S.K.: 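Just dropping this structure here.
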Number of protein chains: 2
Amino acid sequence: MKQMPQKPPTNLQALRTEIASRYEAMSPRLKQVASYVLDNPNDIAVETLSVIAGRCDVQPSTIVRFAKALGYGGASEMQRLFRDEILAASPSPSYSERVRQFRERSNSMDWFSPFNVMHDFTESNIIALEHLREGVSKDDLETVIDLMHKAHTVYLAGVRRSFPVAAYLAYSLSHVEKRAFLLDGVAGMTSEQSWMMGPEDIVIAVTFRPYASETADVAERAKANGTPLIAISDSRLNPVARDAAVCFEIKDAEVRQFRSLTASMCLAQTLVISYAYRFGANGGNGLGTHKGPAE
Amino acid sequence: MKQMPQKPPTNLQALRTEIASRYEAMSPRLKQVASYVLDNPNDIAVETLSVIAGRCDVQPSTIVRFAKALGYGGASEMQRLFRDEILAASPSPSYSERVRQFRERSNSMDWFSPFNVMHDFTESNIIALEHLREGVSKDDLETVIDLMHKAHTVYLAGVRRSFPVAAYLAYSLSHVEKRAFLLDGVAGMTSEQSWMMGPEDIVIAVTFRPYASETADVAERAKANGTPLIAISDSRLNPVARDAAVCFEIKDAEVRQFRSLTASMCLAQTLVISYAYRFGANGGNGLGTHKGPAE
DNA sequence: AAAAAGTTGGAATATATTTTCTAATATCAC
DNA sequence: GTGATATTAGAAAATATATTCCAACTTTTT
């Protein structure tokens with residue numbers, strides 16, 4: 001036990017802060033407890049010490065030690081805080097009740113509150129993901145995975161709004177041990193970079209309206225060099241998608257005239273993981289060499 | 001004891017109905033208990049029998065009789081229902097539970113087909129989005145929007161897996177006419193770049209396990225320079241989140257040991273759009289009227 | 001490499017909580 | 001009013017839960 005604060009926190013917020021700030025100095029078992037406590041506050045409020053202990057994979061006495069380390073007399077004293085938090089919350093927040101309240105609030109209140117925007121966003125993105133699941137062809141996926149496998153290097157193109165998707169692909173492909181090169185145009189070298197693409201490579205171009213000329217240029221260069229082109233786009237009716245061997249047509253969510261990237265990112269992730277499972281350096285079970293949860 | 005149902009209700013909703021329908025037939029003390037139970041579900045979940053008894057002005061044994069009258073073996077059995085309700089409402093536990101169930105379902109089939117991976121991904125991401133909506137605090141959103149407004153420049157930090165999120169924020173913030181600067185470390189200039197941050201700016205740092213030292217360095221520099229720090233992370237238990245004025249704790253979907261970015265991206269978009277609505281150069285409603293979720 | 005300090009698991013103990021039981025009290029039918 | 005029946009309070013018993021303690025183990029220091 002390193003320090004023994006005279007004043008244990010008396011409200012949840014303070015407690016969470018205190019735990020976070022002392023986390024580094026804690027022993028391994030205490031860390032286990034700390035992260036469980038932060039992640040599952042309601043469990044702490046409602047379950048008994050021994051079931052909490054079981055879920056942390058720790059002895060009940062460890063929980064008591066944890067509470068004492070924070071300055072409480074015992075674990076029950078700490079639980080009291082979590083229980084009070086629940087009691088302080090609105091009387092009966094049943095799910096349907098909350099939905100009703102939300103409707104009420106948002107109909108009358110301003111549409112522009114961050115809270116409402118978030119609600120819209122999650123809602124629309126969920127719909128977009130459902131569409132993605134229905135809309136992407138099994139064969140297209142197989143074809144692209146196969147092309148990626150055969151390719152020496154995967155080039156990624158995407159600027160502005162599409163850039164995060166291309167960057168994510170470049171990053172995660174190289175993490176599953178596929179050579180990947182992001183045509184990022186740093187130092188204005190896009191044309192030098194894309195000159196390198198050959199027939200043994202492939203390029204994945206991500207482009208959404210309004211289509212960027214940089215990405216179109218890359219597509220053109222790919223055509224000239226005989227490099228197979230895969231497009232991730234919102235339509236087939238643009239120069240990039242038209243020349244693509246495979247075009248994934250993604251309908252991303254649109255919230256108040258702002259297009260989201262959720263579905264595109266989800267597709268990108270699918271491509272990478274599928275590739276890793278099928279052909280990744282570590283064989284069938286895919287992600288083995290990278291220890292622990294992938295980053 | 002009037003009737004003894006063989007089948008006590010197994011969920012809160014059913015229990016409430018049952019209590020209501022049998023209320024008239026109850027003895028006076030039992031009525032006292034009944035109305036307290038209906039009115040204060042959280043108390044029942046969290047407090048001990050004797051304090052509940054005290055608040056109903058009744059003996060503990062009366063609560064037991066009440067529970068038995070409804071068909072339960074004892075009061076604890078009835079409390080379980082109220083406790084489960086609280087646990088179900090909480091993001092994390094039911095979150096992991098749902099994901100686990102989904103996994104189980106999809107485990108049997110062909111794990112490696114891209115089609116299945118896609119299915120996994122969309123499903124898990126949908127769950128993650130639902131929990132993002134429930135889990136992000138209204139106040140935190142408001143606070144951050146406000147900080148962004150007051151800031152001269154918004155600096156963005158995030159490398160590796162977090163890079164797409166930071167890049168998206170930088171891109172889209174400047175599109176709504178907020179000065180935004182991505183600390184991208186091109187040419188190894190991260191420390192030169194972060195030196196520029198001052199107390200009039202803010203920095204939004206995106207970091208996920210395993211936490212990158214580059215981002216931690218930026219956070220440290222922010223602290224030294226008096227620049228307010230906002231963290232988007234998977235836990236408060238890392239150096240960046242610990243020092244943050246506001247920390248959004250995001251539970252992104254994890255599919256087969258691969259973490260997604262969907263929820264984080266969705267939060268990023270929410271921040272930008274909310275900012276644009278409230279303070280953007282185009283004025284309050286410059287971005288158009290709401291037309292419901294996009295198709 | 002030995003000693004010291006800190007950490008941990010688990011049994012033993014102390015405490016709290018729930019449940020059962022009984023005598024007393026109220027209610028109702030006649 | 002009287003007896004039959006149901007209800008209640010409260011103490012006692014049973015059970016569940018929290019806490020303490022110590023020997024074994026790990027890590028750090030010297």
Side-chain angles (χ1 to χ4, degrees), chain A residues 1-5 8 15 19 22-37 40 42-84 86-87, chain B residues 1-5 8 15 19 22-37 40 42-84 86-87:
Chain A
M1 217 177 304
K2 294 288 143 75
Q3 343 158 23
M4 189 79 154
L15 174 56
I19 293 174
R22 296 174 56 169
Y23 181 79
E24 284 307 333
M26 289 180 185
S27 69
R29 290 284 113 110
L30 257 36
K31 280 185 188 173
Q32 269 172 255
V33 177
S35 28
Y36 190 84
V37 167
N40 308 74
N42 289 334
D43 273 33
I44 309 296
V46 144
E47 302 286 7
T48 77
L49 232 43
S50 64
V51 349
I52 298 167
R55 295 198 185 152
C56 301
D57 195 23
V58 135
Q59 290 285 20
S61 52
T62 305
I63 315 254
V64 176
R65 276 202 302 270
F66 178 81
K68 292 201 164 180
L70 287 160
Y72 299 100
S76 312
E77 208 174 296
M78 183 180 73
Q79 277 183 301
R80 183 78 259 159
L81 254 59
F82 289 84
R83 295 184 167 162
D84 288 349
I86 282 175
L87 295 178
Chain B
M1 216 177 304
K2 298 285 139 87
Q3 344 159 19
M4 189 79 152
L15 174 57
I19 293 174
R22 297 174 56 169
Y23 182 81
E24 283 309 331
M26 288 179 184
S27 71
R29 291 283 114 112
L30 257 34
K31 280 185 186 172
Q32 268 173 256
V33 177
S35 40
Y36 190 83
V37 167
N40 308 74
N42 288 338
D43 275 32
I44 309 296
V46 145
E47 302 287 7
T48 83
L49 234 42
S50 63
V51 349
I52 298 168
R55 295 196 186 152
C56 301
D57 193 25
V58 135
Q59 289 288 347
S61 52
T62 306
I63 317 257
V64 177
R65 272 186 292 121
F66 177 82
K68 291 201 163 179
L70 288 160
Y72 299 101
S76 312
E77 207 173 295
M78 184 179 74
Q79 276 183 302
R80 183 80 258 161
L81 254 59
F82 289 84
R83 294 182 168 164
D84 288 348
I86 282 174
L87 295 179

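These numbers were taken from a predicted model, which means no experiment stands behind them. Chain A is the first sequence line, chain B the second, and so forth, proteins listed ahead of strands; every chain is numbered from 1.
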S.K.: So which pairs with a foot in residues 50-60 of chain B pass salt bridge (Lys or Arg N to Asp or Glu O under 4.0 Å), sequence neighbours left out?
M.R.: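 Of all non-adjacent pairs touching residues 50-60 of chain B, those that pass salt bridge (Lys or Arg N to Asp or Glu O under 4.0 Å) are B:D43-B:R55, B:E47-B:R55.
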S.K.: Name all residues meeting the side-chain contact (heavy atoms from CB on, under 4.5 Å) criterion together with B:E77; count only those two or more places apart in sequence or in a different chain, and write none if there are none.
M.R.: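 Testing B:E77 for side-chain contact (heavy atoms from CB on, under 4.5 Å), a comparison that skips the adjacent residues, returns B:Y72.
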S.K.: May I have the distance from B:K31 (atom NZ) to D:dT8 (atom C1'), rounded to whole angstrom?
M.R.: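 Rounded to the whole Å, the gap is 16 Å.
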S.K.: Look at B:S27 and D:dA6 and indicate whether a side-chain polar atom (N or O) is within less than 4.0 Å of OP1 or OP2.
M.R.: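 No, B:S27 has no side-chain N/O under 4.0 Å of OP1/OP2 on D:dA6.
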S.K.: Output one line per pair: protein atom, nucleotide atom from nucleotides 22-28 of chain C, and distance, for all N/O pairs under 3.5 Å.
M.R.:
none

S.K.: Considering only heavy atoms from C-beta outward, does the side chain of B:R83 approach that of B:V46 to under 4.5 Å?
M.R.: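 No; the side chains remain at least 4.5 Å from each other.
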S.K.: How close or far is atom P of D:dT8 from atom CG of B:L30, stated in whole angstroms?
M.R.: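 The distance from CG of B:L30 to P of D:dT8 comes to 6 Å, rounded to the nearest Å.
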S.K.: Show each protein N/O and nucleotides 22-28 of chain D N/O combination with a separation under 3.5 Å, one pair to a line.
M.R.:
none

S.K.: Calculate the interatomic distance between A:Q79 atom CD and D:dT17 atom P; express it in whole Å.
M.R.: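 A:Q79 atom CD is separated from D:dT17 atom P by 11 Å.
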S.K.: Just the rounded figure in Å: distance from P of D:dT8 to CZ of B:F66.
M.R.: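 It is 12 Å, rounded to the nearest whole Å.
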S.K.: Just call it for A:Q32: base, sugar-phosphate, or nothing, with non-hydrogen atoms closer than 4.0 Å on any strand.
M.R.: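 The residue A:Q32 makes no contact with any strand.
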S.K.: Please list, chain by chain and in numerical order, all residues satisfying side-chain contact (heavy atoms from CB on, under 4.5 Å) with A:V37, sequence neighbours excluded.
M.R.: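 In terms of side-chain contact (heavy atoms from CB on, under 4.5 Å), with neighbours along the sequence ignored, A:V37 is linked to A:I19, A:V33, A:I44, A:F66, A:F82.
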S.K.: Can you say whether a donor on the side chain of A:S61 sits under 3.5 Å from an acceptor on the base of C:dG10, or the other way round?
M.R.: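 Answer yes: a donor N or O sits under 3.5 Å from an acceptor.
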S.K.: So, for A:I63 and A:C56, which heavy atoms are closest and what is the spacing to 0.1 Å?
M.R.: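 Heavy atoms only, the tightest pair is CD1-SG, 4.4 Å.
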S.K.: Could you identify which residues of residues 48-59 of chain A place a heavy atom less than 4.0 Å from some atom of DNA chain D, listed by residue number, or say none?
M.R.: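 Residues of residues 48-59 of chain A that come under 4.0 Å of DNA chain D are, in numerical order, A:T48, A:L49, A:S50.
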S.K.: Can you name the residues that form a side chain to side chain donor-acceptor pair (under 3.5 Å) with B:S50, not counting sequence neighbours?
M.R.: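 Here the qualifying residues are B:T48.
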S.K.: Tell me, please, which residues at least two apart from B:R29 pass side-chain contact (heavy atoms from CB on, under 4.5 Å).
M.R.: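 Partners of B:R29 under the side-chain contact (heavy atoms from CB on, under 4.5 Å) test: B:Q32, B:V58, B:T62.
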S.K.: Report the distance from atom CD1 of B:I63 to atom C1' of D:dT7, rounded to the nearest whole Å.
M.R.: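 Whole-Å distance recorded here is 15 Å.
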S.K.: Could you state the interatomic distance from CE (A:M26) to OG (A:S35), rounded to the nearest 0.5 Å?
M.R.: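 Those atoms lie 9.5 Å apart.
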S.K.: Nearest of C:dT19, C:dG9, D:dT19 to any side-chain atom of B:P60?
M.R.: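 Among the listed nucleotides, the one closest to the side chain of B:P60 is C:dT19.
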S.K.: Hey, could you give me the CG/NZ distance between A:L70 and A:K68, rounded to the nearest 0.5 Å?
M.R.: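 A:L70 atom CG to A:K68 atom NZ measures 12.5 Å (nearest 0.5 Å).
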S.K.: Hey, which of these two, B:R29 or A:G73, hits DNA chain D nearer its 5' end, going by closest nucleotide?
M.R.: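 The answer here is B:R29.
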S.K.: Just jot down the side-chain contact (heavy atoms from CB on, under 4.5 Å) partners of A:S61, sequence neighbours excluded, or say none.
M.R.: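 Partners of A:S61 by the side-chain contact (heavy atoms from CB on, under 4.5 Å) criterion, ordered by chain and then number, come out as A:Q59, A:R65.
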S.K.: Report the distance from atom CD1 of B:I86 to atom CD1 of A:I86, rounding to the nearest 0.5 Å.
M.R.: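 Nearest 0.5 Å value for the CD1-CD1 distance: 4.0 Å.
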S.K.: If only side-chain N and O atoms of B:K68 are considered, is one of them under 4.0 Å from the OP1 or OP2 phosphate oxygen of C:dT19?
M.R.: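 False: B:K68 side-chain N/O out of range (4.0 Å or more) of C:dT19 OP1/OP2.
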